[in-house]
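Report on the following structure.
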Amino acid sequence: MVEKKIAATKKTTTNKKVAKKKAPVKKAPVKKAPVKKAPVKKASAKKVTKSPATIANNKSKIAPYKAKKKEKYMSVAMKKHFVSVLLLWKEHLQDEMQKTFDHLRTKGETYADPMDRASQEEEFAFELRTRDRERKLISKIGVSIEQIKQDDYGWCEACGDEIGVKRLEARPTATHCIDCKTLDEIKEKQLNG
Ligand SMILES: [Zn+2]
């Protein structure tokens, strides 16, 4: 027996269709096929995917350090905290660099259209600059980690003062206190202006 694919037609039309159908003279008892309610399988199963942004955030964030009362500056715990911050940041940057590298490699084909080529070159130049910045930052992070090991981290290279936890939290690779940094910037402006 050929199974009619009635299932495909809409359920609501069933009655109308029966009515419209010109009934044969001989009324044979209409055998209603038992309506099998097949479990509705939805093709679109919900995919639980983490957005890349969330992953990146989790990776690059460590809760700011909470110093205990009377805790001395650059205590062992504090140093450990900054090592973790620096390492995590480095890892994040290395991931970013790898992404840039993959992108440059996979999109390396050249376009025939000069306009396309120009915009591609611009894009690549931008990515290379980003990569270069990331590379320099990674090397700075390495220096900072080394300074922590040498017990030399967190002190201003110009005046010897504390750089401060707050500033280091915002810029873990800072080598100068905010005063010296500001002074440097003013001097630089005067030189260039
Ligand atoms: Zn200073």
Side-chain angles (χ1 to χ4, degrees), residues 48-108 110 116-193:
V48 185
T49 42
K50 282 181 188 173
S51 75
T54 327
I55 297 165
N57 277 342
N58 287 344
K59 270 195 164 183
S60 56
K61 285 279 176 196
I62 289 182
Y65 188 77
K66 275 189 187 146
K68 295 174 197 95
K69 275 184 186 174
K70 288 183 185 173
E71 183 175 342
K72 76 173 176 74
Y73 186 63
M74 285 302 138
S75 64
V76 176
M78 212 182 273
K79 281 190 277 192
K80 265 189 187 166
H81 166 79
F82 281 109
V83 170
S84 313
V85 168
L86 287 159
L87 282 176
L88 209 64
W89 190 18
K90 188 173 148 190
E91 215 174 273
H92 175 72
L93 284 168
Q94 279 167 337
D95 281 356
E96 289 297 308
M97 270 185 84
Q98 188 58 47
K99 269 185 228 162
T100 317
F101 178 72
D102 290 344
H103 185 230
L104 287 169
R105 204 177 45 184
T106 52
K107 279 191 86 182
T110 39
D116 288 343
R117 218 158 49 218
S119 69
Q120 190 200 28
E121 271 164 23
E122 217 170 275
E123 192 190 323
F124 278 15
F126 173 78
E127 289 195 7
L128 284 171
R129 277 198 303 275
T130 308
R131 235 187 126 194
D132 194 48
R133 207 169 48 233
E134 285 164 348
R135 194 178 46 78
K136 280 178 184 155
L137 209 45
I138 287 171
S139 123
K140 265 189 174 180
I141 290 169
V143 171
S144 292
I145 292 171
E146 199 50 45
Q147 283 177 331
I148 293 177
K149 283 183 193 164
Q150 307 285 328
D151 236 345
D152 209 15
Y153 177 78
W155 306 93
C156 177
E157 282 180 8
C159 71
D161 256 7
E162 293 180 5
I163 292 173
V165 175
K166 214 178 152 191
R167 175 159 160 75
L168 287 172
E169 212 69 77
R171 282 194 83 230
T173 53
T175 52
H176 290 76
C177 72
I178 191 67
D179 289 345
C180 291
K181 174 79 181 165
T182 312
L183 224 89
D184 274 356
E185 276 168 6
I186 293 168
K187 275 186 202 160
E188 213 169 292
K189 262 186 198 166
Q190 284 172 341
L191 278 174
N192 295 329

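Note that ligands are numbered from 1 as they come in the structure, with each ligand's atoms numbered from 1 the same way. Quick note: numbers below take in every heavy atom, side chains included, and nothing from hydrogens, waters or symmetry partners.
- Rounding to the nearest 10°, we obtain 110° for the angle at the Zn ion (ligand 1) between Cys159 SG and Cys156 SG.
- Geometry about the Zn ion (ligand 1) gives an angle of 100° between SG of Cys177 and SG of Cys180, rounded in steps of 10 degrees.
- Using a 4.0 Å cut-off between charged nitrogen and carboxylate oxygen, Glu96 and Lys99 count as a salt-bridge pair.
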Please output the side-chain donor-acceptor pairs of residues 171-193 that fall under 3.5 Å, not counting sequence neighbours, one pair per line with the distance.
residue, atom, partner, partner atom, Å
Thr182, OG1, Ile178, O, 2.5
Asn192, ND2, Glu188, O, 3.2

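- Not a single N/O/S atom of His176, whether from backbone or side chain, sits less than 2.8 Å from the Zn ion (ligand 1).
- In Tyr73, the OH atom is crowded: over 12 heavy atoms of neighbouring residues, nucleotides or ligands sit closer than 6.0 Å.
- Applying the salt bridge (charged side-chain N to carboxylate O under 4.0 Å, His left out) test to Lys136 and every residue at least two apart in sequence or in another chain returns Asp132.
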